[in-house]
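Down below is the structure, laid out as C-alpha cells.
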There are 2 protein chains.
Amino acid sequence: MRKNPIVQRETLGAAVLQIRSGRATSRTTLAKALGISPSTTGLYVDHLIAEKYLNESGLNQGPMGRPRRLLSTQANAGWFAGVEFNAQRIQAVGVDFSGGLKVSEEVILPADVMADEVVKSILECVAKLAKEMQGPLLSVGIGVPGLVDAQAGVGLYYAFIPDWQLVPLVEKIGSKLKVPVILQNNLRAIALAERWFGMGHSLNDYVILGPRSGFGVAIVQDGRVTEGAHHAAGEVGRWLWPLMDPAGGGQELHHALSAPATWRRLAGVGEKTNLPEDLRAGLAAVAESAGPQWDAVCGDYARVIGLLHLIIDTGVFILHGPLTMLGERFCHSITEAACALMPALRDAGLKVVPSTLGDNAGALGAASLAMEAWSPA
Amino acid sequence: MRKNPIVQRETLGAAVLQIRSGRATSRTTLAKALGISPSTTGLYVDHLIAEKYLNESGLNQGPMGRPRRLLSTQANAGWFAGVEFNAQRIQAVGVDFSGGLKVSEEVILPADVMADEVVKSILECVAKLAKEMQGPLLSVGIGVPGLVDAQAGVGLYYAFIPDWQLVPLVEKIGSKLKVPVILQNNLRAIALAERWFGMGHSLNDYVILGPRSGFGVAIVQDGRVTEGAHHAAGEVGRWLWPLMDPAGGGQELHHALSAPATWRRLAGVGEKTNLPEDLRAGLAAVAESAGPQWDAVCGDYARVIGLLHLIIDTGVFILHGPLTMLGERFCHSITEAACALMPALRDAGLKVVPSTLGDNAGALGAASLAMEAWSPA
DNA sequence: GGCTTTTTATTCGAATGCGAAAAAACCCTA
DNA sequence: TAGGGTTTTTTCGCATTCGAATAAAAAGCC
C-alpha cells in the first residue's frame, strides 16, 4: 500500500470534475488533463477511491498495450443542489455525485414577494429535495436574477423583487445549511448548464440567448464565463432600439425582443392585448407564421446576433427560454437573416440553435456551479 | 550562501515581469504577486541576481519594521524588439531590459509590397535597432495586421498586402534571429502597450478603439486580451451600418467610422474629395468644428461604444490612432452622447479617453509581447 | 508458448517548494 | 542605549511532487 499523502483539496476537486465529465477516464488521461505527473495522479486517485468518491469500473482495452483501468464517480457519495429563481417561481434540482439529475422541485411565489420570503422558500425547497437524495448534501448553487457579485456572494439588484438589494445570499443560506453556497447570475448559470448537461460539452466559445421577461445574453469565451468589470456583462437588453431612431425617443431592446414582446409581434397584436395564459403554447401557435412580422422579428434578432458575433467571435448561439417553442425554423431564419445583413458572418460560421435543455436549465446550471466549486473536506 | 536550485524558468520570467512593471518591488511583495512562498521567492531572486537580470537598488523604509530591499531590473541585461507594420510602413522599437524605450525606426514600404519583402524589411529593421542596443536580443514581438493565429505563429489574412495569406512569420523571422518570436494582431498589441506603457497599468478591463483605414477594437477582460474562437474578436468594422437601413443596401461600419471617413464627415466633404496630405493635421483642423456633422459622428461613435459597453461591461475606452488629434473634446462628446442615448451607461461609469501613447503604440505593444513571452535560458 | 512491442500503472530516490521559526533591520519610547 | 514592536528576509527541516526506471497487462507474431 502506498503512503497516504495530505493532498491538495483543490486538485482533488478538479480531478473529480474531470472524471465526472468524462474528459478523463483513467489515471493516465487524468494526469494529462490536470497537468500533473502520473505518479502523483496515482496517489490522488488512491485517496479518492479510499474516500469512496471514485471507483474503478472495468477495463478499457485500446488497440494495444496495457488496458486503462476506468475510473468513475460514485453516484451515492453525496449530492448537489441547484436552485434558480425569479420573481415568479423557484426551480430546484437535486443532482447525484455522478452528475445525474434525480429530483426536480418547483415553487410558485406569491405576487410582490419579498427577499426574505424567497430565502425561506429556497431553504424549504432544498429540504424537500434532501428527502429524496442519498448521502450528504455537498454544496448548493444558486442562479440569481439581476446583478450578482459572485465573489462576494451577494445579490446586488433585481428589479422585480422590491427589496432585492445587496442580499447576502451566501451567508443567509450557508449559515443554515452548513455547506458551501455559490452564486451566479441566472443566465450565466444556464451557460454552465449547457457545458455540463447540454451541447456546450465540447464547446469552448458560445453565447446563451435569454429572451424572457427581458433580454440578456451570457458569454462563454475560451471556456470562461464572462462576468464583466461590474458584474453586468451581457446586459444587452439595455441597448437603444431601434438603434438609429431618428426621432430620438428610443426604447430599450428589452421592449422589442423579450418573450412577451416577441409573441405580440408575431401574433400581430398591440401592447394592450393580454398575453395568453400559457405563453409557451401561444408561441407554439405562432411558430408557423410568416410574412412581414416574422421577418421583422427575425431581422431584429439577426441584427443583435450579428453585432455580438463580430465583437466576441464565438460561433454558436444557443437560444433558451420560451422562444425555443418557435423551433428550428426560427433559429434558421435568424441565421439566414444575419448572414444576409452582414456577409462577414457567413465565413465566420455563425449558427443559432435552440437549447435541448428544458425549462430547468437554470437550476441545472446552478447545480453545475455547486459541482464546480466542491472539493473534498 | 544558499544552495542554488534548478528553478522553473516560467516562474523566473513572471518574476521579472512583476519587478519590471513595478507591481512588485521587494522579495515579499514579489512572493505575494506570484503566489509562491517568501522562502522560495528568496531563492528565485538570488538566482536572478546571480544571473545579472535583477539587482538590489536601495532600501524602502515603511512606516515601521525592517525596510524592503528594493529590486529592479538590470537595464543592460539584454533588449527586446517590437515591430508593427501594415501595408504602408513598418515601425520598430528597441526596449531595454528595464522596459525603457531606447530606439525607434520607421520604414516606408513601397506600394503593392509583397509578403516576402515585408519579412525582409522587418529583419533589416531589427538589425538596425541592434546596433544601438546593449546586450543580446532576447525576443521579438510583432504586431501583425489582419487575422493572426498567435499560437501557431501564422499571419492568416490581411487585405492590403496581396499575398498575405498563411504567412509563417514566427518561423521566417525566428529562423534568422534565433530568438523567440511572438505574434499578435496589431490592435491587440496596442492593448498590451496600454498595459505596459500607458494607462492600462492599473486597469484590468478596457477596450482599445482603433479607427484607422478601417475600424476595429481590442478588448481586455480581467487582464486577458480577448482573441476569439477564430482570431476575429473585435472585428466590429464589419457591422452593418446604419444598422436599421430600411432600404436594405447597408454598408459596413468601416465606411462610416474609419479615420478618413471621420475626417470627410467632419470636414463636410464628399467621398470624391481627396484626403489631406497629412491626415492628422487635417483632423486637428476640424477638431473645433461643431454642428450637425460633429453630432452625427459623435452619435455614431456613441452608439458603437454603447453597444460594446453593455455587452462586455469593461469601463474605459481608449481611443487610438489619428483621431486622437480630435482631443479630449471629441471623447467627451462621445461619452455624453452615449449616456444620452442609453441612460444605463451613466451608472456603468462609461468613459472614453484619448491614448497618451503616440504613433508607435503598436510597436511598443509588440515589444510588450516580447517581454511577456521571455524567460531566462 | 515464448518473444517483442505497446501502453498503463506503480515504485522509489531525489529535490523542489513550503511552513514555522529565527534572524535581521528598522522605528519608537523611555 | 537598551528594550519592545513591526515588518522583511533568511534558515532549516520536512513532505509533497516529480522523473526515471520498473512492473504490469495486454496484443501480435512467429
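Per chain, numbering begins at 1; letters A, B, ... match sequence-line order.
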Please enumerate all residues that pass side-chain hydrogen bond (donor to acceptor under 3.5 Å, both in side chains) together with [X], with sequence neighbours excluded.
X: S98(B); answer: T73(B)
X: S375(B); answer: none
X: R68(A); answer: none

For [X] and [N], is the shortest distance between a side-chain N/O and OP1 or OP2 below 4.0 Å?
X: T40(B); N: dC18(C); answer: yes
X: T28(A); N: dA9(C); answer: yes
X: R27(B); N: dT10(D); answer: yes

Determine whether the side chains of E194(A) and S355(A) contain a donor N or O and an acceptor N or O closer than 3.5 Å. yes

Starting at CG of N60(A) and ending at C1' of dT8(C), how long is that distance when rounded to a whole Å? 11 Å

When you get a sec, tell me which of dT9(D), dT10(C), dC18(C) is the closest nucleotide to the side chain of R69(B)? dT9(D)

Quick one: what's the B/S/- string for nucleotides 23-30 of chain C, heavy-atom cutoff under 4.0 Å, read 5' to 3'? BBBB----

Residues within residues 11-21 of chain B bordering DNA chain D, heavy-atom distance below 4.0 Å: none

Kindly write out the residues that satisfy ring pair (Phe, Tyr, Trp, His ring centres under 6.0 Å) with Y53(B), not counting sequence neighbours, or none if the list is empty. F97(B), W374(B)

